[in-house]
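Below is one structure, written out as structure tokens; the observations come after it.
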Amino acid sequence: MPMRLWIKDPIAILATGAERGVVVENGRIVELVGRGASPGKPVDETFDASRHVVIPGLINTHHHFFQTLTRAHPEAINKELFPWLKALYPIWARNVTPDGFRLATRLALTELLMSGCTCVSDHHYLYPAGLESAMDIQAEEAGRLGIRMTLTRGSMNLSEKDGGLPPDTIVQDEDTILADCERVLSKYHDPDQGAMLQVALAPCAPFTVSKRLMVDSVGLAERFDCRLHTHLAETNDENEYCLEHFSCRPVDYLEECGWMSERVWLAHGIHFNDDEVKRLGRHHVGVCHCPTSNMTLASGQCRTKELEAAGSPVGLGVDGSASNDNSNLMESLRHALMINRLTYDAASVSHFDAFRWASEGSARCLGRADIGAIEAGRQADLAFYTLDELRFSGAGDPLAALVLCGAHTADRVMVAGHWQVEDSRPAGVDIERLRAEHGEAARRFLETV
């Protein structure tokens, strides 16, 4: 018989009618316990949450794990997107190895988990010779940490010789890409409720892939019932590139390729006009808002409110650790709140918007109705934060304090009913050893400058 656990009496919880906590059984939330109430059935164990603020596990919908190896890289500091990419592509091409990639994945997943993430997506598109098993490495590392993951099989097939940005050595041909997409889908994609691994197909961006790859990815996605992902409208340079090469804007090109569907979520989605926002919303195309990266690269401000009003799910992502320089989604909630108040105003954007983007909105981007909220029937994916640090002293609203005062590290994290972080330490991870091994691998990227 499955154990029933009562998570009892949190300081605050991001759920209606759960003032006294929730009951977890068999990896799911089975009951919300309201004010003055007790669980309707006997419980086997009680966890005293009286030191904790409890929120749904955060969901990261856009990242590039390998970039943890080039944070604050001297060649890339103080550049916008295209110059930044041109500086880093040759460095990545020379140095990303399977062992380094494994360490980068392990480090990024650990950072995300410690920040309160319970489900992650990594847009991996870099495939130098020897890294063909990238998705297998990521599946193994996610399994080791006990975190949910959408393996996002990215791709590039247009290199410098084709008028693209990446070097020839890190792209693959269309047939190789599509064959591996099918392999990864067959091996790892689990469409069922409670899945720990799912797969999405993710041609990198309009300026790094062919039209055939975009179109054929749609066919595969329909066959396997998976999601589609790409970068779109991150900078004005991209708009100009599409006008020059395709005689249309990025959203028009997306539609030409058959990508205007609720199966799709886009990274960044900054430079849309009013008509494009309406069209994306009409087709329920999701957008992953990446506020930290957008500020770092000076890319612009995502029109989150208009997109949501039009019908597009809006999620949250940290983006690559070379454009964000960390992998902390909880920090990105604060950045999302601040940049959106600049975009709109203080009365229009609250901490609840930031929470929604990082939970329910992100879940919708990934096509998941089983995570993203604290409700009976949803997966027991929860993040627990204390308010013990000096930064929280004097805070009157515990939920608002997590965002406004800058929560950074979760005290506990539960995934599918299992504790994966306790006392701010991820289960089974030697953090000091990981830091040393990853740091050693990262030094290679500086020695070749």
Side-chain angles (χ1 to χ4, degrees), residues 14-16 55-56 58-62 121 227-236 238-239 242 248-255 258-295 299-319 329 332-369 371-375 378 399-400 403-404:
L14 190 60
T16 302
I55 64 172
L58 304 177
I59 302 168
N60 183 61
T61 53
H62 188 67
S121 172
R227 310 296 279 186
L228 291 161
H229 183 52
T230 192
H231 296 90
L232 203 79
E234 182 177 359
T235 66
N236 281 316
E238 182 187 325
N239 283 357
C242 286
C248 63
R249 287 170 58 85
V251 173
D252 301 318
Y253 184 68
L254 202 72
E255 189 156 24
W259 276 58
M260 289 291 270
S261 88
E262 62 184 359
R263 194 183 293 284
V264 173
W265 90 101
L266 309 171
H268 302 289
I270 295 170
H271 297 283
F272 297 138
N273 61 35
D274 291 346
D275 176 66
E276 289 164 346
V277 167
K278 290 175 185 175
R279 287 160 61 194
L280 290 163
R282 188 162 60 246
H283 292 282
H284 307 296
V285 174
V287 174
C288 173
H289 178 31
C290 302
T292 310
S293 170
N294 295 163
M295 290 187 283
S299 299
Q301 293 161 248
C302 180
R303 300 175 66 185
T304 54
K305 288 297 206 178
E306 289 95 332
L307 285 161
E308 282 189 308
S312 287
V314 172
L316 202 66
V318 297
D319 197 18
L329 191 61
S332 291
L333 268 78
R334 189 167 192 259
H335 290 166
L337 177 69
M338 300 307 174
I339 194 172
N340 277 275
R341 285 188 168 176
L342 280 178
T343 307
Y344 303 102
D345 57 57
S348 298
V349 184
S350 79
H351 58 288
F352 291 115
D353 292 302
F355 281 129
R356 184 181 66 258
W357 295 327
S359 54
E360 293 176 85
S362 284
R364 287 185 64 199
C365 284
L366 296 183
R368 300 196 63 152
I371 58 176
I374 300 175
E375 295 176 354
R378 301 248 189 171
L399 285 167
V403 181
L404 294 171

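Atom OG1 of T230 and atom CH2 of W259 lie 5.0 Å apart (nearest 0.5 Å). Rounded to the nearest 0.5 Å, atoms CG (L254) and CG (L232) are 5.5 Å apart. Taking OG1 from T61 and CG from L366, the interatomic distance works out to 6.0 Å, rounded to the nearest 0.5 Å. For the atom pair I339 CD1 and Q301 CD, the distance stands at 4.5 Å (nearest 0.5 Å). Here the CG atom belonging to N340 is positioned 7.5 Å from the SG atom belonging to C302, to the nearest 0.5 angstrom. To the nearest 0.5 Å, atom CG of residue L266 and atom CG of residue L307 are 9.5 Å apart.
Not a single side chain to side chain donor-acceptor pair (under 3.5 Å) links S359 to another residue, sequence neighbours left out. Scored by the side-chain contact (heavy atoms from CB on, under 4.5 Å) test, A309 finds no partners at all (sequence neighbours excluded). Under the rule for a ring pair (Phe, Tyr, Trp, His ring centres under 6.0 Å), the partners of H231 that lie at least two apart in sequence or sit in another chain are H62, H64, H123, H268. Under the side-chain contact (heavy atoms from CB on, under 4.5 Å) criterion, E276 pairs with R249, V251, F272, N273, R279, sequence neighbours left out. E262 meets the salt bridge (charged side-chain N to carboxylate O under 4.0 Å, His left out) test with no other residue; sequence neighbours excluded.
Using a distance-only test at 3.5 Å, with no hydrogens or angles considered, no donor-acceptor pair links the side chain of R227 to the main chain of V264. Formation of a donor-acceptor pair under 3.5 Å by the S312 side chain with backbone atoms of H284 is not found in this model. Not a single donor-acceptor pair under 3.5 Å links the side chain of E360 to the backbone N or O of G372. Put simply, the side chain of N236 never gets that close to the backbone of H271: no donor and acceptor are under 3.5 Å apart. Panel note: side chain Y344, backbone K305; a donor-acceptor pair is recorded below 3.5 Å.
A heavy-atom distance below 4.5 Å is not found between the side chains of D353 and T304. Counting only heavy atoms from C-beta outward, the side chains of L14 and F352 approach each other to under 4.5 Å. Put simply, the side chain of H289 reaches to within 4.5 Å of the side chain of N294, judged on heavy atoms. Inter-residue side-chain proximity for T343 and V349 is flagged as unmet; no heavy-atom pair is nearer than 4.5 Å.
Across all their heavy atoms, N60 and V318 have their closest contact at OD1-N, 2.8 Å. Residues L337 and H351 share a closest heavy-atom pair of CD1-N, 3.8 Å. Summarising the geometry of P291 relative to S332, their closest heavy-atom pair is CG-O, 3.6 Å, with the distance given to 0.1 Å. Shown here for T235 and S299, the closest heavy-atom pair between the two residues is CG2-OG, 4.0 Å.
Applying the salt bridge (charged side-chain N to carboxylate O under 4.0 Å, His left out) rule to pairs touching residues 306-315 yields R303-E306, E308-R356, sequence neighbours excluded.
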